[in-house]
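Residue numbers begin at 1 in each chain, while the letters A, B, ... track the order of the sequences.
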Amino acid sequence: MTAIARPFAPARPRPTVRRRVAALVDHWGLPAYTVAAVAYLLMPIAVMILFSFNEQVGKFNYQWHAFSLDAWANPFGRPGMAAAIRTSLEIAFLSTLAATALGTLIAVSLTRYRFPGRSATNLFIFLPMATPEIVMGASLLTLFVNTAQPPLDTVIPKGVLFPLGFNTILIAHIMFNISYVVVTVKARMAGFDRRLEEASMDLGANEWTTFWKVTFPLIFPGILAAALLAFSLSIDDFVVTNFTSGLTNTFPIWVWGSLRNSLPVQINVVGTMIFGTAVLLVLGSTLLQRRAQ
Amino acid sequence: MPEIDVRLVDVTKRFGPDVVAVDHINLEVRDGEFFSLLGPSGCGKTTTLRMIGGFEEPTSGLIELQGQDVTWLPPYRRNVNTVFQNYALFPHLSIYENVAFGLRRRKVPDQEVRRRVSEMLELVELPGYEKRRPSQLSGGQAQRVALARALINRPAVLLLDEPLGALDLKLRKQMQIELKRIQQEVGITFIYVTHDQEEAMTMSDRIAVMNRGHYEQLGTPEELYERPTTRFVAGFLGVSNMLRGERLGEDGGYAVVQVVGGARVRVPRERLNGRAAVEVGVRPEKIRLLSAGAPAAEQLNRLDGRILDASYMGVSTQYIVRVADEANLTVYEQNVERTEEGSLHRPGEMVSLAWTPEHTFVIHEGTGGDAGNAG
Ligand SMILES: Nc1ncnc2c1ncn2[C@@H]1O[C@H](COP(=O)(O)OP(=O)(O)OP(=O)(O)O)[C@@H](O)[C@H]1O
Ligand SMILES: [Mg+2]
């Protein structure tokens, strides 16, 4: 063991250049690599934040001009932008809520009960994550459009799934979010000790009370992680949304649309805000999990 | 006639078509008794207990609790509580809330909860641990909390599934005494599952020795040890010497059985129960070793043999004696009688084995077990 940890220890021969370089690499190699990797990951974010303080000159925020707080003072001051952000938040919030509730129930039943079609369900749940987004978006579009054609139009009232809009985006987001929620919550359920629920029922709690007093608190960190993931996937989604949004703008769609003739600094400001919120949420959930242990 | 707390009537549990975990068990557990289910791994102890607790539904049969049919009631509608093998304490709750869990479900007022929890922690000798989390307890402490959490509900019956299984030997012994004390103090019926025969013997009022889904014999520890009626029970509760034989006749209150090498052994008559071909047994510590030809009281059973092996074990010496070139008998001799060093019997030496006829037990193979509730 020691021989491996300190390869140059025994005789302390006079350090040659080669040895000195080797020792340097030995000592600094890993830290340097780590810093490089983290920098690589954070570079785009750093650029985004930096350029949110750029002065708006012309239409595109591609080049650094001068430090300015103009955009921060008026972060939503672009036509259509506030509405788009609002839509994005609403859809993210609602799809997270629905997907987390449904996905958690699916995860619980998949880990808890044996029933016909269980392994098939396990596979199907995985499919939306494996399907290319563009394929999913295109097929959703086809599906939604066809609800306006016979025979589907007799079953599904006009305005629910066609014309495209808020509803269809929401349904699409719930759909792909469920998969991620199921996978995340299932991971948490895997280590769950069934006897805790038995103990709870033994002590007089019925199924309902047992779920809320024992099962839920214990898998809550998993549910929270799943919800955060779902929220960030939804607020960020472009491809599927682009197919299913019709005339409705979410923030990513709005950015993409405005990009054709402008790239305002406000985009970086809002991006920075979203990033900051995400960091806070992750920090919060980490703290919560640490306290729970 | 003591009241019956738990009654199992012809209870069977199958898992799938092939596994019969519990096979037509009939059982009556009396009010206030310390009752043990003892048996090797996989014999169906846990399954039996889980059916009483309500975690498993019997395939057929009936389970009664204090005269009420509870066969199909969920666990939370039965007046029993369980101490799980790995404690199953709620990791997200403090010790206080763990113990209070059952009372909270019954909406007991806060003040009473507080009083009873501290009373309970007192009983299991863990006062002052209220604020801790289960992860901050030692195995023995977690065990006590699990006990307190169950007992605080004052159940009619407490079910314990190998509650000391995870503890080391010393703590185990200590907790055995502790459990017994608590049981006597609260006066609640305990049904205790274990595969440790010594544990069952020291703690129980009665024991059912289980094997392959049913019990072979039920009785007090003494009955089971002194008069096992099946080969399995004889072997499971310590070492025993078994001899095949044939009934020759009767002599006073005794039946005379001819065993290996033509030797005759006397057995209290009622134990033979009229059978002709039997298997009799005797525990190793009941046998006295005599030098060959030494006089012995007339009424003792006596076999002659040659010592194959002698192992000095401190408290006692264990001999293996070959009788009539047919059977090997084990004999334990307390090292109290031989004072001088080197005065033990040597391998090769001819000896006589003698024991009182009352210490001879008879195997009733095929008739023991689920037929009835003796004892
Ligand atoms: N859920 C189950 N599904 C299938 N078979 C089971 C199930 N539970 C128990 N068994 C089987 O039933 C038999 C009895 O099991 P049980 O757990 O009651 O044994 P046990 O006496 O408690 O053993 P141990 O001392 O090892 O705990 C075993 O053969 C076991 O494999
Ligand atoms: Mg068991």
Side-chain angles (χ1 to χ4, degrees), chain A residues 100 104-105 107-109 111-119 184-228 284-293, chain B residues 15-16 46 49-56 73-94 97-108 113 120 133-136 142 145-155 157-163:
Chain A
T100 306
T104 299
L105 293 178
V108 169
S109 50
T111 37
R112 185 53 50 76
Y113 306 107
R114 327 240 125 219
F115 50 88
R118 180 169 158 272
S119 6
T184 314
V185 176
K186 248 175 72 179
R188 181 78 193 185
M189 289 288 298
F192 192 87
D193 185 358
R194 266 289 344 236
R195 269 168 309 182
L196 293 175
E197 289 169 316
E198 289 184 348
S200 163
M201 296 217 243
D202 185 68
L203 295 165
N206 59 20
E207 288 84 356
W208 177 257
T209 315
T210 296
F211 181 80
W212 288 111
K213 292 285 173 192
V214 177
T215 318
F216 182 77
L218 286 173
I219 61 173
F220 180 69
I223 296 176
L224 187 67
L228 289 177
S285 94
T286 311
L287 283 179
L288 208 84
Q289 285 198 41
R290 208 171 279 171
R291 225 194 46 194
Q293 271 154 21
Chain B
F15 292 105
T46 297
L49 207 68
R50 287 173 59 82
M51 286 192 287
I52 301 173
F55 306 115
E56 217 76 76
L73 289 187
Y76 50 85
R77 304 262 307 276
R78 302 183 184 204
N79 193 12
V80 297
N81 285 115
T82 307
V83 175
F84 292 83
Q85 173 158 12
N86 293 327
Y87 322 135
L89 298 180
F90 304 124
H92 59 299
L93 299 179
S94 65
E97 285 303 330
N98 262 280
V99 177
F101 196 89
L103 299 184
R104 295 244 189 263
R105 302 287 78 75
R106 282 184 280 139
K107 310 262 185 293
V108 173
V113 171
M120 227 47 232
R133 295 263 167 171
S135 58
Q136 298 165 320
V145 173
L147 190 65
R149 184 179 70 172
L151 280 177
I152 198 167
N153 307 295
R154 301 181 184 145
V157 181
L158 188 70
L159 309 175
L160 305 99
D161 190 358
E162 310 218 16

query: chain A heavy atoms under 4.5 Å from B:Leu89: which part of the residue, side chain, backbone, both or neither?
result: backbone
- prompt: Does atom CZ of B:Arg106 have more than 12 heavy-atom neighbours, drawn from other residues, nucleotides or ligands, at distances under 6.0 Å?
  reply: yes
query: Quick one: which residues of residues 192-202 of chain A reach chain B at under 4.5 angstrom, heavy atoms only?
result: A:Arg195, A:Leu196, A:Glu198, A:Ala199, A:Ser200, A:Met201, A:Asp202
statement: For B:Tyr76, the ring pair (Phe, Tyr, Trp, His ring centres under 6.0 Å) test, sequence neighbours excluded, returns none
task: Look at atom CZ of A:Phe115 and say whether more than 12 heavy atoms of other residues, nucleotides or ligands are closer to it than 6.0 Å.
output: yes
- prompt: Using non-hydrogen atoms only, which part of B:Asn81 is less than 4.5 Å away from chain A: side chain, backbone, both, or neither?
  reply: both
field: Structural part of B:Phe90 lying under 4.5 Å from a heavy atom of chain A
entry: both
Euclidean distance, B:Arg104 CZ relative to A:Leu203 CG, rounded to 0.5 Å: 13.0 Å
field: OG1-CZ distance between A:Thr210 and B:Arg105, expressed to the nearest 0.5 angstrom
entry: 8.0 Å
- prompt: Taking B:Pro155, B:Gly102, B:Ala146 one by one, which has the highest count of heavy-atom pairs under 4.5 Å against chain A?
  reply: B:Gly102
- prompt: Does the side chain of A:Leu218 come within less than 4.5 Å of B:Pro91's, by heavy atoms?
  reply: yes
field: Interchain contact, B:Arg50 with chain A, by part (heavy-atom threshold 4.5 Å)
entry: side chain
